[in-house]
Number of protein chains: 2
Amino acid sequence: MTETRWLNEREMTAWLGFLQATIKVHRYVEHQLKEDSDLSHAQYEVLVKLSAAPEGAIRMTDLANGLFTTKSGLTYQVGQLEKRGLVRRRSCPTDVRGVLAELTPEGHRALREAAPGHVEAVREALIDVLDEEELAVLGRALERVGARLPVE
Amino acid sequence: MTETRWLNEREMTAWLGFLQATIKVHRYVEHQLKEDSDLSHAQYEVLVKLSAAPEGAIRMTDLANGLFTTKSGLTYQVGQLEKRGLVRRRSCPTDVRGVLAELTPEGHRALREAAPGHVEAVREALIDVLDEEELAVLGRALERVGARLPVE
DNA sequence: AGCCGACGGTTTGAATTTGAACAACTCGTA
DNA sequence: TACGAGTTGTTCAAATTCAAACCGTCGGCT
């Protein structure tokens with residue numbers, strides 16, 4: 001066991017800033033979506049992915065990976081969305097085990113209506129607070145951070 | 001209602017990077033603590049704050065604010081820590097309503113033992129992945145982001 | 001002293017998250 | 001063709017989170 005490399009002041013600032021910012025930004029975005037569109041952020045992201053799917057439908061597993069969520073968590077959220085008629089499930093033609101999720105017309109509408117407010121919240125909470133340089137550095141750095149860590 | 005200012009590519013990269021990085025880093029740190037010290041990250045942060053308290057004890061509300069958590073969430077977590085004998089509650093001498101939380105000797109020990117592994121995980125997941133410039137920019141920028149948003 | 005709005009912390013119930021267990025199925029290989 | 005390891009999505013119970021309701025107390029004001 002080697003000596004612990006404690007965080008110096010600059011590192012501590014970055015870590016605490018990261019913690020505080022992430023918690024607050026997530027909470028802010030979550031609230032805005034729930035308030036204005038009655039969607040959780042997780043649900044919103046599901047709608048986005050489905051809407052962006054090349055064939056209009058995605059396998060559950062691919063969806064879970066793309067959203068950095070667990071399989072069981074996704075099953076739950078898609079279940080909620082299906083209850084509300086925003087998403088439909090159908091079986092995968094090439095793999096009997098597979099399940100494809102796709103947006104219903106109501107799902108498309110819900111996303112279209114929720115998107116502007118959500119983007120505004122993202123700007124308000126994060127994007128518009130940063131200048132050009134910060135935006136670039138943050139994008140580059142955090143992308144690298146995320147890519148290094150396992151999905152689950 | 002003015003026209004929606006959608007995110008351009010650079011902004012979208014920053015936002016997606018932020019989402020992915022935050023989710024994964026939080027999960028990574030959470031797992032490491034649970035695995036190696038049987039503590040949730042929330043519980044670890046409580047121990048840290050208590051350990052850093054000038055008088056060795058803090059009011060629940062101050063603790064909640066310092067940790068960007070909700071009052072009820074804190075009540076639950078402190079309850080868990082108390083069950084395990086890491087934290088003690090006593091009433092505030094100057095305010096009957098108030099409750100002070102403080103570390104027990106076991107709490108001090110648990111923190112001392114958990115800290116090195118936690119710091120290592122934080123480095124592994126975030127700090128050591130960034131260079132000097134990124135560290136500085138990230139610290140400055142995210143601190144500003146966090147400060148702008150309401151606690152709750 | 002007495003009132004009243006605000007505060008401090010807990011309780012409550014519902015919603016969500018998690019990992020593990022599970023059953024059904026796929027696919028490469030013997 | 002038959003095997004077995006790995007995959008797919010769901011289910012389950014337990015843990016956690018959240019907001020709202022709640023109760024007792026504080027403190028300024030009359």
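What's counted below: heavy atoms across the whole structure, side chains too, no hydrogens, waters or symmetry copies. A note on names: the letters A, B, ... follow the listed sequences, proteins ahead of strands, and every chain is numbered from 1.
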- prompt: Charged N to carboxylate O below 4.0 Å: is that the case for A:Arg144 and B:Glu134?
  reply: yes

- request: Could you go through the side chain to side chain contact (heavy atoms under 4.5 Å, CB included) check for A:Arg59 and A:Leu100 one step at a time?
  value: CA-CA 5 Å; A:Arg59 298 273 303 249; A:Leu100 288 169; 4.0 Å; yes

message: For A:Gln77 and A:Thr94, find the nucleotide of DNA chain C closest to each by heavy atoms; which residue's nucleotide sits nearer the 5' end?
response: A:Gln77

message: Assess the residue pair B:Thr75 and B:Thr70 against the criterion (side chain to side chain contact (heavy atoms under 4.5 Å, CB included)); give the C-alpha distance rounded to whole Å, side-chain angles, the decisive distance to 0.1 Å, and a yes or no.
response: CA-CA 9 Å; B:Thr75 293; B:Thr70 59; over 6 Å; no

field: All stems with DNA chain C, defined as three or more consecutive Watson-Crick or G-U pairs under 3.5 Å
entry: C:1-30 with D:1-30

message: Measuring from the side chain of B:Thr61 (C-beta onward, heavy atoms only), which nucleotide among D:dT25, C:dG19, C:dG8 has the closest atom?
response: C:dG8

task: Whole angstrom is fine here: how far is it from CG in B:Asp62 over to P in C:dC7?
output: 14 Å

message: I need the A:Ser37 OG to A:Glu35 CD distance, nearest 0.5 Å.
response: 10.0 Å

query: Contact class for A:Gly98 vs. all strands (heavy atom < 4.0 Å): base, sugar-phosphate, or nothing?
result: sugar-phosphate

query: Backbone N or O of B:Leu39 within a donor-acceptor pair of the B:Lys34 side chain at under 3.5 Å?
result: no

With the criterion being N/O to N/O and under 3.5 Å, what pairs connect the protein with nucleotides 3-5 of chain C, and how long is each?
none

field: Integer-rounded Å distance: D:dT10 P and A:Lys83 NZ
entry: 14 Å

field: A:Glu143 side chain vs A:Arg140 backbone, donor-acceptor pair below 3.5 Å
entry: no

task: In plain terms, say whether A:Lys49 and A:Glu45 are close enough for a salt bridge, that is, a side-chain N and a carboxylate O under 4.0 Å apart.
output: no

query: Between A:Ile58 (CD1) and D:dT8 (P), how many Å, whole number?
result: 15 Å

- line: Rounded to whole Å, CG of B:Asn65 lies from C1' of C:dC7 at a distance of 12 Å

query: Rounded to the nearest Å, what distance is computed from the CG atom of residue B:Leu67 to the P atom of nucleotide C:dG9?
result: 13 Å

task: Determine, using the 4.5 Å side-chain heavy-atom cutoff (strictly less than), whether A:Leu130 and B:Leu16 are members of one ILVMFWY cluster.
output: yes

field: Joint hydrophobic cluster, B:Trp15 plus A:Val137, side-chain heavy atoms closer than 4.5 Å
entry: no

Return the polar atom pairs (N/O with N/O) between nucleotides 10-14 of chain C and the protein under 3.5 Å, or none.
| from | atom 1 | to | atom 2 | distance (Å) |
| --- | --- | --- | --- | --- |
| C:dT10 | OP1 | B:Arg89 | NH1 | 2.6 |
| C:dT10 | OP2 | B:Thr75 | OG1 | 2.9 |
| C:dT10 | OP2 | B:Arg89 | NH1 | 3.2 |

- prompt: If you count the non-hydrogen atoms of other residues, nucleotides and ligands that lie under 6.0 Å from CD in B:Glu106, is the total more than 12?
  reply: yes

query: Which word best sums up how the rings of B:Tyr44 and B:His41 line up, parallel for under 30°, tilted for 30 to 60°, or perpendicular for over 60°?
result: tilted

Short heteroatom pairs, N/O only, protein and nucleotides 1-6 of chain D, under 3.5 Å:
| from | atom 1 | to | atom 2 | distance (Å) |
| --- | --- | --- | --- | --- |
| D:dG6 | N2 | A:Arg97 | NH1 | 3.2 |

- prompt: Which pairs with one or both residues in residues 116-127 of chain B pass side chain to side chain donor-acceptor pair (under 3.5 Å), sequence neighbours excluded?
  reply: A:Glu11-B:Arg123, A:Arg148-B:Glu124, B:Arg123-B:Asp128

- request: Using only side-chain N and O atoms of B:Arg27, determine if any of them is under 4.0 Å from OP1 or OP2 of C:dT18.
  value: yes

task: Check the pair B:Ser51, B:His108 against side-chain hydrogen bond (donor to acceptor under 3.5 Å, both in side chains), reporting the backbone distance first and the verdict last.
output: CA-CA 7 Å; B:Ser51 148; B:His108 278 292; 5.2 Å; no

field: Gap separating the CZ atom of B:Arg10 from the CD1 atom of A:Ile127, nearest 0.5 angstrom
entry: 11.5 Å

message: Output the rounded distance in Å from CG (B:Asp95) to P (C:dC7).
response: 13 Å

task: Please step through salt bridge (Lys or Arg N to Asp or Glu O under 4.0 Å) for the pair B:Arg88 and B:Glu82, ending with a clear verdict.
output: CA-CA 6 Å; B:Arg88 189 165 35 224; B:Glu82 201 171 25; over 6 Å; no

- request: Would you please test B:Leu74 and B:Val46 for side chain to side chain contact (heavy atoms under 4.5 Å, CB included) and show each step?
  value: CA-CA 9 Å; B:Leu74 184 64; B:Val46 169; 4.0 Å; yes

- prompt: Any side-chain N or O of B:His31 less than 4.0 Å from the OP1 or OP2 oxygen of C:dG19?
  reply: yes

- prompt: Looking at residues 32-53 of chain B, who's got a heavy atom less than 4.0 Å off DNA chain D?
  reply: B:Lys34

message: So does A:Leu86 get a backbone contact from the side chain of A:Thr104, meaning a donor-acceptor N/O pair under 3.5 Å?
response: yes

- prompt: Roughly, in whole Å, what's the span from CD in A:Gln80 to P in D:dT10?
  reply: 13 Å

